[in-house]
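Report on the following structure.
The analysis underlying the following values was restricted to heavy atoms, covering all of them including side chains, and did not include hydrogens, waters or symmetry mates. None of the values given here were measured: they were computed from a predicted structure.
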Amino acid sequence: MKNLTKNIIKSFAVLFLIIGCNDEFLERNPLDEISNASFWNTENDLMVYNHRFYDLVQTDKTYPILFGHDRRFDSHRISYLHYDGMSDNTAPRHGRHSSYARIRAGMALPPSKASDNAPGGWYGYKGFQLVRAINIGLANYDKANVSDAVKNHYKAEARLMRAMFYARLIRDFGTAQWVEQEVTTADEEILNGKRDSRDFVMGKVLEDLNFAVANIRDNQDKIKLSKSQALHMKSRICLIEGTWRKYHGLGNETTWLQHAKDAAKELIDSGNYSLHKGAAGRTYNELHSMEGIDSNSEVIHFVKYQLGVKANHVQSYHRGYNGGATKSMVEDYLCSDGLPISLSPLYKGDAVYEDIFVDRDPRLRQTVMHPADQPIYRYGNHDFDANTYPRIQGMPGGLKTYTGYHLIKIYNVKSAHAGYSTSITPGISMRYAETLLNYAEATAELGNGTISQADLDISINKLRDRDGMVHLVNNPPMDPRYAGDGISSVLVEIRRERRVELFIEGHRYNDLRRWKQGKKLENKDFGMRWDAANSSRFDPDGKTTVKTSEINGVPYLEVYKGTDFENPKFDESKHYYWPLPLDVLSQNPNLEQNPGY
């Protein structure tokens, strides 16, 4: 970490001279010819130059591609831990997370500026400083007096970054302006150019991914990019693109799904990674709550934080802002017999709070806190008898949620209650569990909703074995709640496994969009059952401020009732993509706003 930091400092100085310090490629000064001519000689020069990319992408609100947590105060709003607030997984109501709730409710408007608190602002159509830096590097690496293999490694590192950058823009904005050269004020066609087609840009992305996989070193570095990260990102990007093309009717999905499957399989066959195994009944939670993951067998890439170098405050914010898991999320966990709650005789219902954890997927109790487990986590940083749980917003003492389902998946009492910006909570941006999920989904999609038992056993069932769950079979019964989704029962279960395994890791919102399931975001967010028995048991003084609504005659907490976000909408003609910021359009009207905005 210290060596990386030193090299980043060096690269910062070098790039200041080479590419200037403005924010976007439209505003660059020309290259400093003297500095540029004296550089690009040794492998160390190439390494120092590429370290600038890592410095840039630490600002997640501009470059959410190696997604961790923004530093210091900005971690209150920018982190993959907050991203599920745009989905049906969590229900944030804190004012600082209103932008997430606004997207969730279909109320997003084009931001005035690329820096605004809006979907097109925080994670917006911006960040071309990185593209410019990459393109300058690609134009100069060949000048170095090193072997082609060495040059190609650094080219591959740069091109992998560029692929991730553009794949994210396409996912969020549909089309983007592809730039692969240094842009100066003389390049009027680029400065005033239109966005290029999805087919063109993603074709270029695939070229970059293929080059990266073929040429980047296989050193299994968890902080810098290597072949493992290239394979993982290729599986992720190609799965997103393949399923988006399939369910949105864009065509050519098979090519992308095959690339996703092949990349995941190559990483699986490498044998370089395995699922984390920890304390019995705590393995899943342990991985996500530990601070030291440098040598963890499951982590493919993570963003490292270190006191005195780079720290965050994300857990302190997250414990108060996440709102809690939703009823929809909690009910998606299977029973221990492998059946959904709609079909399993083991499901005990939710009349008694503790019963929701009985005979369920062990990950539920490692994600949502069982009241008896408060001492295990020292949740709330207090003794067991100081406050009882669950606690709902408005009640005094302890930690509160809006849903009644307290999150302990990533909770670490030391980090969650640390002094300002003294937390080193790592940002796990790639892990092997996702590789397995990518493989299973791509394989099932290629099989038109079918998958062999052997393929399930090397993917989904590895996750099931880790947690002590029964295996998924290749022809499971259909959960009636998903019978209308138009997909096979095994694909339903693969998607469920993904939702459960990757909860609050920043995937659910994008998954719903690529599956063309945006209408699910019109379902209101509910929390725990709040009938007379639970109300009198947990809140005898009636302090709770969250309102309720009835479902089949039973009252449940309704998180957004009485707020602007009470009646969520999802307009399929526009909400699958985000609006471009108005200041970006004022600089170049030819980029054009996305439809409906």
Side-chain angles (χ1 to χ4, degrees), residues 76-77 79-108 117 119 314-315 317-333 350 353 356 364 367-369 379 389-395 398-411 499-500 502-513 517-530 534-535 538-539 544-551 554-570 575:
H76 85 271
R77 55 179 181 159
S79 166
Y80 66 80
L81 296 177
H82 308 321
Y83 216 80
D84 269 11
M86 295 184 287
S87 77
D88 52 358
N89 279 358
T90 62
R93 262 190 57 179
H94 194 282
R96 286 178 173 171
H97 281 202
S98 61
S99 289
Y100 292 110
R102 188 172 299 279
I103 300 164
R104 165 78 175 86
M107 297 175 61
N117 297 350
V314 69
Q315 283 215 41
Y317 293 125
H318 189 261
R319 63 179 167 85
Y321 296 176
N322 67 68
T326 62
K327 179 177 183 287
S328 165
M329 181 69 223
V330 170
E331 291 182 345
D332 236 7
Y333 287 82
D350 58 9
Y353 187 85
I356 68 169
L364 174 57
T367 301
V368 175
M369 189 181 71
Y379 185 77
Y389 288 92
R391 305 192 74 74
I392 315 302
Q393 194 68 29
M395 295 169 62
L399 296 181
K400 275 82 68 176
T401 68
Y402 284 90
T403 68
Y405 297 125
H406 297 258
L407 303 187
I408 44 92
K409 174 174 174 176
I410 55 96
Y411 184 84
R499 185 184 190 187
V500 166
L502 301 181
F503 175 67
I504 62 168
E505 294 182 47
H507 295 274
R508 176 65 173 174
Y509 173 71
N510 294 324
D511 286 345
L512 291 174
R513 288 196 294 163
Q517 293 287 314
K519 282 295 184 180
K520 290 187 186 298
L521 296 178
E522 290 192 339
N523 297 325
K524 294 185 176 185
D525 283 329
F526 291 95
M528 66 177 286
R529 182 174 179 140
W530 203 248
N534 277 338
S535 177
F538 297 115
D539 184 27
T544 301
T545 56
V546 182
K547 300 180 185 298
T548 64
S549 290
E550 290 190 353
I551 301 176
V554 178
Y556 288 85
L557 296 174
E558 185 182 331
V559 177
Y560 295 110
K561 188 173 184 178
T563 75
D564 291 342
F565 313 127
E566 180 175 354
N567 297 299
K569 301 294 181 185
F570 192 92
H575 285 144

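- Under the salt bridge (Lys or Arg N to Asp or Glu O under 4.0 Å) criterion, Lys519 pairs with Glu522, sequence neighbours left out.
- For Tyr509, the ring pair (Phe, Tyr, Trp, His ring centres under 6.0 Å) test picks out no residue, with sequence neighbours left out.
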Item to check | Worked check of side chain to side chain contact (heavy atoms under 4.5 Å, CB included) between Arg508 and Thr90 | outcome: CA-CA 10 Å; Arg508 176 65 173 174; Thr90 62; over 6 Å; no
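- Shown here are the salt bridge (Lys or Arg N to Asp or Glu O under 4.0 Å) partners of Lys400, two or more places apart in sequence or in another chain: there are none.
- The shortest distance between side-chain heavy atoms of Thr367 and Tyr405 does not fall below 4.5 Å.
- Using a 4.5 Å cut-off on side-chain heavy atoms (C-beta onward), Thr403 and Val559 make contact.
- Counting only distance, with no hydrogens or angles, the side chain of Tyr353 and the backbone of Gly404 share a donor-acceptor pair below 3.5 Å.
- A distance-only check finds a donor-acceptor pair linking the side chain of Asn523 to the backbone of Lys520 [under 3.5 Å].
- Residues that satisfy the salt bridge (Lys or Arg N to Asp or Glu O under 4.0 Å) test with Arg499, not counting sequence neighbours, are Asp88, Asp332.
- Checking side-chain atoms of Gln315 against main-chain N and O of Ile410 turns up a donor-acceptor pair under 3.5 Å.
- No donor-acceptor pair under 3.5 Å is formed between the side chain of Arg513 and the backbone N or O of Gly518.
- Although no hydrogens or angles enter the test, the distance criterion places no donor-acceptor pair under 3.5 Å between the side chain of His575 and the main chain of Ile103.
- Between the side chains of Tyr402 and Asp525, no donor-acceptor pair of N or O atoms lies under 3.5 Å.
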Next on the checklist: Between Lys327 and Ile551, does the side chain to side chain contact (heavy atoms under 4.5 Å, CB included) criterion hold? Intermediate values first, please.
Outcome noted: CA-CA 11 Å; Lys327 179 177 183 287; Ile551 301 176; 4.2 Å; yes
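- Using a distance-only test at 3.5 Å, with no hydrogens or angles considered, no donor-acceptor pair links the side chain of Arg529 to the main chain of Tyr556.
- In the model, His82 has no side-chain atom that pairs as donor or acceptor with a side-chain atom of Tyr100 under 3.5 Å.
- Under the side chain to side chain donor-acceptor pair (under 3.5 Å) criterion, Asp539 pairs with Thr544, not counting sequence neighbours.
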Checklist entry - Between Asn322 and Ile504, is a side chain to side chain contact (heavy atoms under 4.5 Å, CB included) present by the stated rule, with each step listed? => result CA-CA 10 Å; Asn322 67 68; Ile504 62 168; over 6 Å; no
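- Every residue two or more places apart in sequence or in another chain was checked for a salt bridge (Lys or Arg N to Asp or Glu O under 4.0 Å) with Arg319, and none qualifies.
- Interatomic distance, NZ of Lys547 versus CH2 of Trp530, reported as 14.5 Å (0.5 Å rounding).
- Taking the centre and axis of the six-membered ring of Phe503, the NZ or CZ atom of Lys409 falls outside the cone set by 45° and 6.0 Å.
- From Arg77, atom CZ reaches atom OH of Tyr321 across 11.5 Å, with rounding to the nearest 0.5 Å.
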Checklist entry - Could you walk me through whether Phe538 and Arg391 pass the side chain to side chain contact (heavy atoms under 4.5 Å, CB included) check? => result CA-CA 7 Å; Phe538 297 115; Arg391 305 192 74 74; over 6 Å; no
